[in-house]
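Have a look at the structure below before the remarks.
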2 protein chains.
Amino acid sequence: MTDVIRRRPRQADVAALAGVSQATVSTALGTSPARASLSAGTLERVALAARTLGYVPDPVARRLAAQSTDLLGVYTFTDAFPVEVRDSYYPFLVGIERSAARLGYDLLLFTGTSSSRGGEAVQKVRLADGCLFLGRHVPEEQLQQLLDAGYPVVYVGRRTELGGRLSYVGADYVAGAAQVVDHLAGLGHTALLYVRGTDDAVASADREEGFWRAVAAAGLRGQVQRAYASSIDARALQSWRASGVTAVVTEENDANDLLAALLAAARDADVAVPQDMSLAVLGECGGLEPAPRVTGFALPRQQMGEDAAALLVDLVTGRRTGTVQELLVPSLLVGETTGPPPPA
Amino acid sequence: MTDVIRRRPRQADVAALAGVSQATVSTALGTSPARASLSAGTLERVALAARTLGYVPDPVARRLAAQSTDLLGVYTFTDAFPVEVRDSYYPFLVGIERSAARLGYDLLLFTGTSSSRGGEAVQKVRLADGCLFLGRHVPEEQLQQLLDAGYPVVYVGRRTELGGRLSYVGADYVAGAAQVVDHLAGLGHTALLYVRGTDDAVASADREEGFWRAVAAAGLRGQVQRAYASSIDARALQSWRASGVTAVVTEENDANDLLAALLAAARDADVAVPQDMSLAVLGECGGLEPAPRVTGFALPRQQMGEDAAALLVDLVTGRRTGTVQELLVPSLLVGETTGPPPPA
DNA sequence: CTGAAAGCGCTTACAG
DNA sequence: CTGAAAGCGCTTACAG
């Protein structure tokens, strides 16, 4: 009697036991159309042999031969699991996992180290059938290579790099900004000031555009001011009031320092929020201590994750092709910092 | 002139351009010892050719040939990213990612669906070089197959199944229980009651053992009572007091309903905690609304994740072999529910 | 110092 | 209806 096979069984082992060829095992166990033309007996014997031996296909070999692994890559440019919750990818991951599970894919999570090993590392994502990218960073050259090779890539978050050829599922900041402005208009405000940061990020421009559109649509007076957090003080606030401004809208930024500066200035100037002046942020007021419930809008993070993964699967399977860009509408968060304007 | 090569370049293309064989390209571009014996000129020409063509190795092919993926599997028996934070694997994942990143591994996350597809699905983990398992469920047959094949497996959490052959990094409940008892002894308590649930989970037995050991070591009087949450009421509490018990210790369980019942009973019986009686839990008091700061102990979850991943890597690389079991000591959490015993 | 060859475990035309 | 063969793009002894 021969030794028990210790190594994991391969198709050849199953074939030997079932009395068929290795290729037949492959078709019998696979899902290709050729499977239909195998006899019931063969199918049965192969299935039995496979079960007996505990055969499991080697996904790597399968991928090499068939060019598919049923794996979705997830590439983040910082730790996927940051300890600080503030800008955690967690809600995105929840959505991504849901979609992946539903569609029968597993997740290949590239860790910080491999990511930071320089540009080449990005190519590792090819182990998966397609890859999701999270984070602000866009390694254009590397992505260009992937796109050129027809490799499916989807960003979570709107990206305008690479001549707009990147697929993404992002948040509609224009719509989010409009919701906030409409909320203020509904309360009776007519003169709004928008304070944005001094950089030119895409999201910033989008928010400003949303501000202007909604202001125009609602027939309000609006003005925009670029500011550093350090330049916002009690005097500035008072001069805005004097000029008739009843609501100040600001941009969400990294540490929300613009928002923090506005709150501090209101305190210093003895301006009651929202009785004397309303305050809103185009985004979420996270990261502040203590956390005031500031009016703003929330990104549908989990839904973005779900949609991004679903889109990636469509791209992988060829159900959709080319560049697909999708924007999800944020939801208005009415906090304690907005109310009717003071009586004139 | 021939057509431009549109498909991504492979080693054969680089070889042609550099005027060497494909195998030489492999060694020149790789890290094997054989590389040292290539001439400087060859190395240079290959490097140049690779750069010119934009060659990037195919990770899949490399894996198939080299029998290693630099991937660590993570298998959970529920969603890896549950929406309810209570029994979230998040802290474990943070630790796992850290270790993996530091050691140069990426993570292969098996999603709920693939996991629930029945026993066979577990075998999919073989795509990774080794696999971490999270969750109470232990699919013995499947794991047996993996172990028999010499496949490295590490559980996060102590597991006694499979005749103790499972490697794990768990929490030392015995030590945790002892910490709580010692804390009470230090406060002056001499008569303790331990209320545990009616099931026989390993963790429950460990906690009870820790209770008894610490009670004995501190020279206290102790008693253990098994109870359903529904059987704990004001009368029970009062009879315990009458018998001289000054501190009640309970087990952490799924919904912490034992703890909740004790808190409710104290309220009903008009027993002030901790003035009249101290209360502690062998674990964390999560899941209760409102959340009282109950004395207990916290598992070092992130550290468990880190250690588990590091252990798995050791098993994968052969630095350690066989079954390795490691227990991490929890840290005492002193809450508002314990104090000195009432004057006698 | 380098090349020819085998092989990793599959899939997929193709021949019969 | 099934098998023989080629090939996916690499790594790794081994021969020279």
Side-chain angles (χ1 to χ4, degrees), chain A residues 5 7-16 18-47 49-50 53-71 120 123-124 126-127 129 149-151, chain B residues 5 7-16 18-47 49-50 53-71 123-124 126-129 149:
Chain A
I5 296 176
R7 59 172 169 67
R8 56 183 300 215
R10 59 194 69 150
Q11 287 184 347
D13 301 321
V14 178
V20 298
S21 76
Q22 175 265 318
T24 298
V25 171
S26 176
T27 46
L29 262 24
T31 59
S32 85
R35 194 189 130 92
S37 58
L38 289 182
S39 75
T42 301
L43 249 29
E44 212 165 283
R45 269 177 301 132
V46 170
L53 296 178
Y55 169 76
V56 179
D58 179 336
V60 177
R62 187 209 286 278
R63 161 87 224 228
L64 185 59
Q67 316 284 2
S68 108
T69 50
D70 294 348
L71 252 37
E120 299 282 294
Q123 300 299 324
K124 276 175 72 176
R126 288 181 188 260
L127 250 180
D129 289 346
Y151 183 85
Chain B
I5 297 174
R7 59 173 170 67
R8 54 184 302 224
R10 60 193 69 152
Q11 287 184 347
D13 301 321
V14 177
V20 298
S21 76
Q22 175 265 317
T24 299
V25 172
S26 176
T27 44
L29 262 25
T31 60
S32 86
R35 194 190 130 91
S37 59
L38 289 183
S39 75
T42 300
L43 249 28
E44 213 168 282
R45 270 177 299 132
V46 170
L53 296 178
Y55 170 77
V56 179
D58 179 335
V60 177
R62 189 209 288 275
R63 261 77 219 198
L64 183 59
Q67 305 287 44
S68 109
T69 51
D70 293 349
L71 253 35
Q123 300 298 325
K124 275 177 73 175
R126 289 179 189 257
L127 219 187
D129 291 346

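All of these numbers come straight from a predicted model, not from anything done at the bench. Order of the sequence lines fixes the chain letters, A, B, ..., with proteins taken first and strands second; residue numbering starts at 1 for each chain.
- Residue pairs meeting the side-chain hydrogen bond (donor to acceptor under 3.5 Å, both in side chains) criterion with at least one partner in residues 25-39 of chain B, sequence neighbours excluded, are B:Ser39-B:Thr42.
- Here the closest non-hydrogen pair linking B:Pro57 and B:Arg62 is CG-NH2, 3.1 Å.
- With sequence neighbours excluded, the residues forming a side chain to side chain donor-acceptor pair (under 3.5 Å) with B:Ser21 are B:Thr24, listed by chain and number.
- Nucleotides of DNA chain C nearest to B:Ala40 and A:Leu64 differ in position, and the one nearer the 5' end is that of B:Ala40.
- Every residue two or more places apart in sequence or in another chain was checked for a side-chain contact (heavy atoms from CB on, under 4.5 Å) with A:Ala65, and none qualifies.
- The NZ atom of A:Lys124 sits 7.5 Å away from atom CG of B:Leu71, with the distance rounded to the nearest 0.5 Å.
- Annotation: side-chain contact (heavy atoms from CB on, under 4.5 Å) contacts of B:Ala50 (sequence neighbours excluded): B:Val14, B:Leu29, B:Tyr55.
- A distance of 8.0 Å separates CG of B:Leu127 from CG of A:Leu127, quoted to the nearest 0.5 Å.
- Stretches of at least 3 consecutive Watson-Crick or G-U wobble pairs, with each checked distance under 3.5 Å, appear in DNA chain D as C:1-3 with D:14-16, C:5-12 with D:5-12, C:14-16 with D:1-3.
- Take B:Arg10 and apply the side-chain contact (heavy atoms from CB on, under 4.5 Å) test, not counting sequence neighbours, and it matches B:Arg7, B:Ala12, B:Asp13.
- With sequence neighbours excluded, the residues that form a side chain to side chain donor-acceptor pair (under 3.5 Å) with B:Gln22 are B:Gln11.
- Between chain A and DNA chain C, the heavy-atom contact criterion of under 4.0 Å yields a 5' to 3' nucleotide range of C:dG9 to C:dT12.
- The salt bridge (charged side-chain N to carboxylate O under 4.0 Å, His left out) search around A:Asp129 returns A:Arg63, not counting sequence neighbours.
- At a non-hydrogen distance threshold of 4.0 Å, B:Val20, B:Ser21, B:Ala23, B:Thr24 from residues 19-30 of chain B come into contact with DNA chain C.
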